[in-house]
Every structure is written in C-alpha cells, then in structure tokens.
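Taking it in order: structure first as structure tokens, then the write-up.
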Amino acid sequence: MDTLIQQVINGLMLGSIYGLIALGYTMVYGILRIINFAHGDILMVGALTTLSGMHMLAHHFPALNPLALLGLALLLAMAVCALLAMAIERFAYRRLRHAPRLAPLISGIGVSVLLQTVAMVIWSRNPLMFPQVLPMEPIAITTGSIEHPPAIITVTGIVTLMVAFVAMAGLWLLVEFSRLGRGMRAVAENPQVASLMGVNPNRIITLTFTIGGVFAALAGVMMASNYGSASFSMGFLPGIKAFTAAVLGGIGNLRGAMLGGILLGLIESLGAGYLGELTGGVFGSNYQDVFAFMVLILVLVFRPAGLLGERVAQRA
C-alpha cells in the first residue's frame, strides 16, 4: 500500500506538469488545427530564463530572499516566453495557416531545433543546477513498515500540485466565462464567421499562443524545481509526452488535456514502479517513456478522438 501511494503521488506531480504543457498544445490545435512542436522548448526557455533571472536579481538585490527571487524571475520568464510564443506564431505559423498540414509541422520542428541550439549557445550544453528555494525535507504520508518505506512528498511537490491545479482551473474559467474565452471558442468554430461578428481572429490566435507560452514557463520552472536542474534539451521529451496527454484526453478539449496529463503521469509512475518491482530493478524508471508512447499508439489505434472526444467542430 505504501508503494502504491508513493507511485500515485509521483504520478500526480508528473501528470500535473504534463497537463500544464498539454494545455498549450490543445488550445493551439483547437483554433488552428496545427501541432506546435516548438511548445516544449518554450518550457525550456522559461526554466533557463528563470535561472538567469534569479542570478541577476541576486547580484543586484542581495537582500531579497530566495522565494522572492524565484517569484520575480518567474514573472520575467513568463514575459519572455509570452513574447517568444507571439514571435513563433507571427513568423513560423501565420503565413502557413492555409498551407498543407505538413508545412506548419515541419516549421514547428525547425523552430524547436533552433531554440535548442540558441539555448545551448547561451546557457551551454551542460545541465545547470536549479536552486531549491523551498524545504526539501521529505514529509511522510504513511507510517511505512520494515519491508516498505513510508510514502513521502516534499513541500516543492505540494506547491507543484497546488499551482498546477489552480492554473488549470483558472484557464478553464477564462475560456468558459470570459469575453476572450468566447472569442477563442468562436474562432475555433469558424474564424470567418467570427470576424463578421466583430472578433479579430489574429488577435485571438496571438493571445492563445501567449497564454500557452506563460503556462509553458510555469511548467518549466515546476519541472526544474522538482528535478533540481535545467538544460537546453529538457523540454523536448516532456513536450512530446504532453502532446501524448493531449491526444489521450482529446486534443482540442481543455478538460481532456488536464485529464490526459494526470492519467499519463499516473500510467508512467505506476507502470515503471511496479515493472521495476516485478523485475527486481531490471526494468524501472528508465523505461517509463515506453508507457507514454504505448499509450499514444493505443489511443491513436482504438480511440483517435481521445477519451473526451473533440469538442471543436470540423471545418469545411
């Protein structure tokens, strides 16, 4: 039981990060019908910008405590990632909206490689240690036993879960009940008719990319805080997994992205944990990526629309 609880905790933390990243994929796909494969690398830029921002602020304002440094640096990273996402939409996708679907896909992959190369030049190819501003002492959730240690969680893990779920809920409320959200839904249904009703599709699309960039920056800092490091390649694989989560839940559906992220995190954690236990450690956490892509294959074969289906209408 202790092992099960521990794997569920790990899965929820991992899944909450996947869910945040998947929201960026699903919002863009819901409106433009394209997959922004550069989204995972915006996450990387957010984490590394936060790290540089903390060092810069600590140098100029040594009296600030580490938590304040992280908060201010995160705001800076969100602004940078929002601008970066806007630039990607403007220069990599806008002219390709009516092109064959392969064109924006190739463009996104090219932007991804470009961002990783630029980040490698700026921050080096070596992983950089991400400062831990919250207590890292484990908190026991269960009593444990001689055979099995207790299930634990850290303060960083608790904050990760809280921030992720609050951010997801806030975005859902924004899309469902705000004027911007109504504009997003209108453009997703039919951009031509939406423009006749006074909605500016270009503005809505740009804001959608901007929101996705902000969420990617937040996810990048959460990931770096939990793993204690950041690197130029840290966003590629989580980005692909978050795409898998979006497909699992139903790409184009916000609740589906959240559900898919949580489910994928749980599947990875439980699968790797119990597979490692059953095989005596021969297979374990190093093979957790296998479960993500097995899920992607199975969903595409048996339920291409995802668990919650696709809420946006098909365009002519």
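These numbers were taken from a predicted model, which means no experiment stands behind them. Sequential numbering from 1 along the given sequence is applied to the chain's residues.
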| said: Would you say that more than 12 heavy atoms from the other residues, nucleotides or ligands in this model lie under 6.0 Å from the CZ of F165, or not? | reply: yes
| said: Do M258 and W172 make a side-chain contact, defined as non-hydrogen atoms from C-beta onward lying under 4.5 Å apart? | reply: yes
| request: Would you mind reporting whether L263 and L307 have side-chain heavy atoms less than 4.5 Å apart? | output: yes
| message | Does L174 form a side-chain contact (heavy atoms from CB on, under 4.5 Å) with I211? I'd like the steps, not just the answer. | response | CA-CA 11 Å; L174 174 71; I211 294 171; 3.9 Å; yes
| query | Do you reckon L84 sits in the same ILVMFWY cluster as L114, going by side-chain contacts under 4.5 Å, direct or chained? | reply | yes
| field | Under 3.5 Å donor-acceptor, T206 side chain and M86 backbone | value | no
| Side-chain touch T160/I17, heavy atoms, less than 4.5 angstrom | yes
| task | Run the numbers on V214 and L218 for side-chain contact (heavy atoms from CB on, under 4.5 Å), then give the verdict. | result | CA-CA 6 Å; V214 170; L218 180 60; 5.8 Å; no
| field | Any I88 side-chain heavy atom under 4.5 Å of L115 side chain | value | yes
| message | Which Ile, Leu, Val, Met, Phe, Trp or Tyr residues join V301 in one cluster when any pair of side-chain heavy atoms under 4.5 Å counts as a link? | response | I297, L298, F302
| field | Student check: side-chain heavy atoms of T49 and W123 closer than 4.5 Å | value | yes
| task | Evaluate whether atom CZ of F61 has more than 12 neighbouring non-hydrogen atoms of other residues, nucleotides or ligands under 6.0 angstrom away. | result | no
| request: Would you mind listing the cluster partners of M120? Hydrophobic ones only (ILVMFWY), side-chain contacts under 4.5 Å, chaining allowed. | output: F232
| said: Using a 3.5 Å distance criterion without hydrogens, assess whether the side chain of T208 forms a donor-acceptor pair with backbone atoms of I204. | reply: yes
| said: Between F91 and V111, is the side-chain contact (heavy atoms from CB on, under 4.5 Å) condition met? List the steps. | reply: CA-CA 10 Å; F91 297 107; V111 172; over 6 Å; no
| Do L254 and E176 pass the side-chain contact (heavy atoms from CB on, under 4.5 Å) test, and can you show the C-alpha distance, the side-chain angles, and the key distance before you say yes or no? | CA-CA 10 Å; L254 290 181; E176 291 294 327; 5.7 Å; no
| query | Would you call I251 and F243 a side-chain contact if the rule is heavy atoms closer than 4.5 Å? | reply | yes
| query | Should P238 and I21 count as side-chain neighbours, where that means a heavy-atom distance under 4.5 Å? | reply | yes
| Side-chain donor/acceptor of T26 to backbone N/O of A22, under 3.5 Å | no
| field | Neighbour count >12 (heavy atoms, 6.0 Å) for atom CZ, R203 | value | no
| field | Heavy-atom pair of closest approach, residues M78 and A217 | value | CA-CB, 4.0 Å
| Pi-cation contact, Y93 with R95 (under 6.0 Å, within 45°) | no
| said: Would you say N226 and T156 are linked by a side-chain donor-acceptor pair, where the criterion is simply a distance under 3.5 Å? | reply: no
| said: Using 0.5 Å steps for rounding, measure from the CE atom of M197 to the CG atom of N190. | reply: 11.5 Å
| request: Determine yes or no for a side-chain-to-main-chain donor-acceptor pair under 3.5 angstrom, with Q6 supplying the side chain and I152 the backbone. | output: yes
| message | For F37 and Y25, take the angle between the two ring planes, folded into 0 to 90°, and tell me which bin it lands in: parallel under 30, tilted 30 to 60, perpendicular over 60. | response | perpendicular
| Are any of the side-chain heavy atoms of I35 and P104 separated by less than 4.5 Å? | no
| task | Give, for atom NZ of K241 and atom CG of L14, the distance between the pair rounded to the nearest 0.5 Å. | result | 6.5 Å
